[in-house]
Amino acid sequence: MEKNDADFSLKETLECGQCFRFEKVAENKYTVISGFRVISVEQVDDSIIFSGDDIAFWRSYFDLNRDYSEIKMRLSREDAIMAEAISFAPGIHILNQAFFETLLSFIISQNNNIPRIRGLIHHLSSNYAQEIQKGIFAFPTAGELAGVSEDDFRQLGFGFRARYLVDAIKKVNEGAFDEEVLRDYPTPVLREKLMTICGVGHKVADCVMLFSLGKTDVFPADVWIQRVMNVLYSPNGETADLQAEASRRFGMDAGFAQQYLFHYGRMKKIGKEG
DNA sequence: ATCCAGGATCTCC
DNA sequence: GGAGATCATGGA
């Protein structure tokens, strides 16, 4: 099945750091896992070729039903810095990932590096989830993880994040975090609710909201974004309030802006020595 | 060996 | 309420 989209790059979208569950099988060809689903997807020019089931789900996952040309126009119209960041990877889409999977993934991401995050998520999946294809595991459900202890997680290498996972799993299993209900919360209320989970601070909450709950106005501020904003937008001193600055500059498009800037800054090593 | 990684929490004052 | 230390682990 094919679909055309000139504003989408499969490679840029998967490899810009928002998602941890994909394998590159060839240039512009990937196997992607989300929840209990797996898809083989390839991009040839502007054509996206899906091989697998639930194509409507995957079109939504890759956010192919949104017009990104308007977003990029608004962001870059009076902002040469943003125009440069967008032109570096103009095909980035914000993925619509599964809530529970995103919550645990970004709890795991704290004070960690991307290769190791991917490895830990694979440990979670291969130990506790169903094998949906040969050698390919679903992401475990909260139910499947209900009996896993802090010590079990520590032995798998999660370190100090073990007790955070246990708390998140417990609260989800208690029914306090139903995805469909959460989507209707206003952003500030939703952030506070997510932050009641031990191990979820402001940044992880924002990642969960942006990457899995459709809150495209939030601006997750990690160390890279702090460096990028300070170097590119505030060369004469650090920005006092990063959230206010992002809101003022990018408004309702802050989530998209964040991902363009994050990827650009990380690839260019902006603010890093060397 | 020392530092660092898409931070959050705890512990001081 | 804000700065500083601490947290597990593995790769550079």
Side-chain angles (χ1 to χ4, degrees), chain A residues 12-22 85 88-89 92-95 97 99 101-124 126-127 148-171 191-213 215-216 218-232 238-244 246 250 254-274:
Chain A
E12 290 169 5
T13 296
L14 288 174
E15 298 191 359
C16 70
Q18 61 179 316
C19 166
F20 305 107
R21 297 213 73 197
F22 62 89
F88 180 76
I92 289 177
H93 277 200
I94 297 293
L95 295 171
Q97 303 185 61
F99 166 70
E101 178 169 351
T102 307
L103 175 64
L104 265 54
S105 296
F106 280 90
I107 287 174
I108 292 166
S109 79
Q110 67 183 255
N111 200 30
N112 215 340
N113 57 64
I114 289 180
R116 191 157 174 273
I117 296 164
R118 290 166 57 97
L120 288 171
I121 291 172
H122 183 262
H123 281 154
L124 263 191
S126 61
N127 277 278
V148 185
S149 70
E150 179 179 339
D151 196 55
D152 293 333
F153 284 133
R154 283 185 179 272
Q155 293 201 353
L156 283 175
F158 288 91
F160 65 89
R161 307 168 193 83
R163 74 183 177 96
Y164 301 161
L165 294 180
V166 170
D167 189 57
I169 293 160
K170 175 171 172 287
K171 286 191 167 75
R191 181 183 292 115
E192 288 302 313
K193 185 168 179 59
L194 290 169
M195 287 175 66
T196 62
I197 298 171
C198 189
V200 177
H202 195 292
K203 186 267 173 180
V204 168
D206 282 7
C207 283
V208 172
M209 289 194 289
L210 175 59
F211 298 136
S212 75
L213 295 173
K215 302 298 188 186
T216 53
V218 303
F219 191 79
D222 70 323
V223 291
W224 283 105
I225 285 294
Q226 290 170 30
R227 286 194 286 254
V228 168
M229 292 295 283
N230 286 331
V231 170
L232 298 184
E238 291 197 356
T239 307
D241 187 338
L242 209 57
Q243 294 296 327
F250 313 128
F256 305 102
Q258 186 273 167
Q259 200 59 29
Y260 295 128
L261 287 173
F262 170 80
H263 184 56
Y264 178 69
R266 198 163 74 95
M267 293 299 103
K268 296 277 191 181
K269 300 186 185 303
I270 290 172
K272 297 279 283 185
E273 305 301 326

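The figures that follow rest on heavy atoms only: side chains count, while hydrogens, waters and symmetry mates do not. Lettering follows sequence order; numbering is per chain, from 1.
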Between B:dA5 (P) and A:Ile225 (CD1): distance, integer Å:
15 Å

Would a 4.5 Å heavy-atom cut-off, applied to side chains only, mark A:Phe219 and A:Gln243 as touching?
yes

Provide the full list of salt bridge (charged side-chain N to carboxylate O under 4.0 Å, His left out) pairs with a residue in residues 12-22 of chain A, sequence neighbours left out, each pair given once.
A:Lys11-A:Glu15

What are the atom names and distances for every N/O pair under 3.5 Å that joins the protein to nucleotides 3-5 of chain C?
none

Annotated structure of DNA chain B as dot-bracket, pair cut-off 3.5 Å, Watson-Crick or G-U only, | for inter-strand, is .||||.|||||||

Residues in salt bridge (charged side-chain N to carboxylate O under 4.0 Å, His left out) with A:Arg118, at least two apart?
A:Glu23

May I ask you to verify if any side-chain N or O of A:Lys272 is less than 4.0 angstrom from the OP1 or OP2 atom of B:dA5?
yes

Taking atom C1' of B:dG6 as reference, at what distance in whole Å does atom CG of A:Leu95 sit?
15 Å

Measure the distance from CG on A:Leu194 to P on B:dA8 and round it to the nearest whole Å.
12 Å

Near-strand residues of residues 102-119 of chain A, defined as heavy-atom separation under 4.0 angstrom from DNA chain C:
A:Asn111, A:Asn113, A:Arg116

Mark yes or no for a side-chain to base donor-acceptor pair under 3.5 Å between A:Gln226 and B:dG7, with no hydrogen or angle criteria applied.
no

Can you work out whether A:Met195 or A:Ala221 has the more 5'-proximal nearest nucleotide on DNA chain B?
A:Ala221

Taking NE2 from A:His123 and P from C:dA8, how many angstroms apart are they, rounded to a whole number?
18 Å

Sequence-distant partners of A:Phe88, ring-ring contact (aromatic ring centres under 6.0 Å, His included), two or more places apart
A:His263, A:Tyr264

Using heavy atoms and a sub-4.0 Å distance, could you list which residues of residues 151-166 of chain A are near DNA chain C? By number, please.
A:Arg154, A:Gly157, A:Gly159, A:Phe160, A:Arg161

As an exercise, state the distance from CD1 of A:Ile94 to SG of A:Cys19, rounded to the nearest 0.5 Å.
11.5 Å

Whole-Å distance between B:dG6 P and A:Ile121 CD1?
13 Å

Can you tell me the distance, in whole Å, between the OH atom of A:Tyr260 and the P atom of B:dG6?
22 Å

What pairs with A:Glu192 under side chain to side chain contact (heavy atoms under 4.5 Å, CB included), at least two apart in sequence or on another chain?
none

Which residues satisfy the salt bridge (charged side-chain N to carboxylate O under 4.0 Å, His left out) test with A:Lys171, sequence neighbours excluded?
A:Asp167

With heavy atoms under 4.0 Å as the rule, sort A:Phe211 into base, sugar-phosphate or nothing.
base

Under the side-chain hydrogen bond (donor to acceptor under 3.5 Å, both in side chains) test, which residues partner A:Lys170, sequence neighbours left out?
A:Glu174

So if I take residues 197-208 of chain A and measure heavy-atom distances to DNA chain C, which residues fall below 4.0 Å?
none

Taking only residues two or more places apart in sequence, or in another chain, which ones meet A:Ala168 in a side chain to side chain contact (heavy atoms under 4.5 Å, CB included)?
A:Leu103, A:Leu104, A:Ile107, A:Ile197

Spacing of A:Glu15 atom CD relative to B:dG6 atom P, expressed in whole Å
15 Å

